[in-house]
Amino acid sequence: MCQFAIAHTTTPAALFARAQKAIGGMGGVMTGSAEAGEFRLSVFGAAIVGSYATSDTAIEITITEKPFLVGCGVIQQQLEKALADGARSAA
């Protein structure tokens, strides 16, 4: 299991929309609301499953299932990049 937070400077609703776009762009699905929910996506044929909860300053992410060979740091970096890319494309 992995747990980490990604800081943000937007509203939880805007962050949720950005995260839905990012997860969807990776072929995954996200369920829930701007405040909390779950997501699932596939990497190299293996699932990455987790949950999230947002605050005014960060999104807290818990990964509950991941491929053995994919480290938590790699997942965090990819999610940070995806959320940042979403912010640039929304601007």
Side-chain angles (χ1 to χ4, degrees):
M1 183 165 82
C2 311
Q3 291 183 305
F4 52 88
I6 299 173
H8 70 85
T9 57
T10 188
T11 66
L15 182 64
F16 179 67
R18 191 182 306 159
Q20 275 188 311
K21 184 176 180 179
I23 297 291
M26 292 185 261
V29 279
M30 207 169 156
T31 58
S33 68
E35 291 77 33
E38 299 177 341
F39 62 91
R40 178 181 194 88
L41 60 115
S42 181
V43 176
F44 305 118
I48 294 179
V49 179
S51 61
Y52 66 91
T54 59
S55 71
D56 290 337
T57 59
I59 181 169
E60 301 282 335
I61 298 174
T62 301
I63 303 297
T64 56
E65 185 179 329
K66 69 175 192 61
F68 178 73
L69 296 176
V70 178
C72 294
V74 170
I75 295 170
Q76 181 176 354
Q77 287 174 343
Q78 291 303 309
L79 289 175
E80 287 174 344
K81 181 182 181 309
L83 291 173
D85 288 348
R88 282 192 286 274
S89 66

Problem set entry | Linked, directly or transitively: Val74 and Tyr52 (ILVMFWY side chains, under 4.5 Å) | yes
Between atom [atom1] of [X] and atom [atom2] of [Y], what is the distance when rounded to the nearest 0.5 Å?
| X | Y | atom1 | atom2 | result |
| --- | --- | --- | --- | --- |
| Thr10 | Asp56 | OG1 | CG | 10.5 Å |
| Thr31 | Ile23 | OG1 | CD1 | 11.0 Å |
| Lys81 | Ile6 | NZ | CD1 | 13.0 Å |

Looking only at heavy atoms, what is the nearest atom pair of [X] and [Y], with distance?
| X | Y | value |
| --- | --- | --- |
| Ser55 | His8 | O-NE2, 2.9 Å |
| Cys72 | Lys66 | SG-CE, 3.9 Å |
| Gly28 | Leu41 | CA-CB, 3.7 Å |
| Met26 | Leu79 | CE-CD2, 4.1 Å |
| Ala5 | Ala58 | CB-CB, 4.4 Å |
| Ala47 | Pro67 | O-CD, 3.6 Å |

Exercise. Is there a donor-acceptor pair under 3.5 Å between the side chain of Thr62 and the backbone N or O of Ser51?
Worked result: no
For this session: For Thr64 and Val49, indicate whether the former's side chain and the latter's backbone hold a donor-acceptor pair under 3.5 Å.
Result: yes
Exercise. Looking at residues at least two apart in the chain, or sitting in another chain, which of them share a side-chain hydrogen bond (donor to acceptor under 3.5 Å, both in side chains) with Gln20?
Worked result: none
Exercise. Hydrophobic clusters join Ile, Leu, Val, Met, Phe, Trp and Tyr when side-chain heavy atoms are under 4.5 Å apart, directly or via other members; which others share one with Leu69?
Worked result: Phe68
Problem set entry | Heavy-atom check, side chain of Phe4 versus side chain of Ile63, under 4.5 Å | yes
Problem set entry | Close side-chain approach of Gln76 to Cys2, heavy-atom, < 4.5 Å | no
